[in-house]
There are 2 protein chains.
Amino acid sequence: MTRSVPKVTLQRYPIYLKALRKLKQLGVKKIMSSELAKYVDILPTTIRRDFSLIGRLGKQGYGYDVDELIEIFSNQLNIDFDERIVLIGVGNLGKALLKYNNWDHVLGEVTCAFDKDPDNIGDINVPLYNINDFAKYKPQGCRIAILCVSENVQETVNMLVENGIKGIVDLTHEHFVVPEDVHVRYVDIVSSIIEVVFEVNEDDRKR
Amino acid sequence: MTRSVPKVTLQRYPIYLKALRKLKQLGVKKIMSSELAKYVDILPTTIRRDFSLIGRLGKQGYGYDVDELIEIFSNQLNIDFDERIVLIGVGNLGKALLKYNNWDHVLGEVTCAFDKDPDNIGDINVPLYNINDFAKYKPQGCRIAILCVSENVQETVNMLVENGIKGIVDLTHEHFVVPEDVHVRYVDIVSSIIEVVFEVNEDDRKR
DNA sequence: AGTGATATGTGAATGAATTGACAATATTCA
DNA sequence: TGAATATTGTCAATTCATTCACATATCACT
């Protein structure tokens, strides 16, 4: 992973990983780009190109070894992350996410959570602290935060950034701004719905 | 919206819409591409180009009218409040989503929910039916489903598709396949985290 | 009303991503 | 063991997206 990976490829890696896991579960041992292509609906060439950015993962005349591929993907992605992730805001959604915390062992789990009102939250499976003590309890080297708060979003973000957070996965519906060296990914169901609706409508028009 | 809109532009529309709503709420009446640019972190030219695909929305020497823009976007995107959306699978996550149901009045709320075990679910704020009765209780004209099940994913998807679902917003971690006229958007926190981590790491390397 | 200032909309240039085509190479089977 | 087969990895061509640069249109002010 030394070369710069196109943004779009980056978006496809998780798709591959997910599909490969499923295939493994189905007992598939080897796969070739053309089969995988049908499975994930991405052209074989694109797949091979994407894979080749990580290394020579396949064997000519044979295909790719599923286990090996999963291994390599996880490692390659994992190198880049023994990553400590914190969850900010333990409301309904935050709680639901924590229950997911066994995220397929795809990445480091959520290390701890913060909330403005930690006393009124039931039992959760990670340590929970007051958001005001973020500086104090922030795990060493933690750079990534999942943002689930519903109030004071901008203020919270500012505080996180001041304390070294470099990447935010945003689950609020609020808009906020960050310095340019901080990366945000929006996880927004509403936006996704809009996009799907739009696609469906475009299809309709064509017919 | 007669011309085909680039995929990437499509992904930006919801970002614009969200930002514009926020601006409106703050009392902003007009905005120019350069201001909006700082706000959403997209270059002014890109913004203007994206907008121009819909029509001549702005006024030279003046900028864009916020209200008007929101209006046009919503219309053009066909994000009516009429869109009937169903939720499939009312587990932790599904329940958390239902609590969000007042999605900023951006689009139609979730009309009803389905689960394989509707009796063991507490109080929720929409009608709840057994997934086996989907055909019976599916709202008229409903095309969009939010998928939150954790088991029998493929089977569930097949059933939905057979019953006229054309767009799926997928919150499972499972891989599944759909006919090509069905559109899927993955909402996957794990993937998002992976992407953010990548970006942060890439930044690190550059410095 | 007319003129200057300003921001849009877009053609042309650049840059990024996808796809086609094939040489290189591992595997398989005689 | 060696030839035939099958599939990868990658160069080159193409398609798609971004950005530049400026002509064009609207507003604001005198």
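Here is the naming used below: chain letters follow the sequence lines, and residue numbers restart at 1 for every chain.
Rounded to an integer number of Å, the gap from A/D65 CG to C/dT27 P is 11 Å. Protein atom CG of A/L57 is 17 Å distant from nucleotide atom P of C/dT25, rounded to whole Å. We find that NZ of A/K7 is positioned 18 Å from P of C/dG15, with the value rounded to whole Å. The nearest whole Å value for the distance from the CD atom in A/E68 to the P atom in C/dA26 is 14 Å.
Within a 6.0 Å radius of CG in B/N132, more than 12 heavy atoms belonging to other residues, nucleotides or ligands are found. Residue B/D133 qualifies as enclosed at atom CG: its count of foreign heavy atoms under 6.0 Å is above 12.
Remark: A/K30 is not positioned above the aromatic ring of A/Y64, lacking an NZ or CZ atom under 6.0 angstrom from the ring centre and at most 45 degrees off the axis. At least one test fails for A/K136 against the ring of A/Y129: distance under 6.0 Å to the centre or angle within 45° of the axis.
Residue A/S34 is out of contact with every strand shown, counting any heavy-atom pair closer than 4.0 Å. At the heavy-atom level, A/R48 lies under 4.0 Å from base atoms of the strands shown. Within the nucleic acid shown, A/R49 comes within 4.0 Å of at least one base atom, counting heavy atoms only. A/F51 comes within 4.0 angstrom of no nucleic acid atom, judged by non-hydrogen atoms across all strands.
Put simply, the side chain of B/N152 never gets that close to the backbone of B/E155: no donor and acceptor are under 3.5 Å apart.
For the side-chain hydrogen bond (donor to acceptor under 3.5 Å, both in side chains) test, residues two or more places apart in sequence or in another chain that qualify with B/Q154 are B/N158.
The shortest non-hydrogen separation linking B/A37 to B/L43 is CB-C, 4.3 Å.
Here chain A contacts DNA chain D (any atom closer than 4.0 Å to a heavy atom, that is under 4.0 Å), and the contacts span D/dA6 to D/dA12 from 5' to 3'.
Between C/dT19, C/dT8, C/dT10, one nucleotide has an atom nearer to the side chain of B/R56 than all others, and that is C/dT10. Distances were taken from every side-chain heavy atom of A/V8 (C-beta onward) to each of C/dT8, C/dT18, C/dA26; the shortest belongs to C/dT18.
Toward the 5' end of DNA chain C, the nearer of the two residues A/Q60 and A/R12, judged by each one's closest nucleotide, is A/R12. Judged by closest nucleotide on DNA chain C, A/D50 is the one of A/D50 and A/K30 placed further toward the 5' end.
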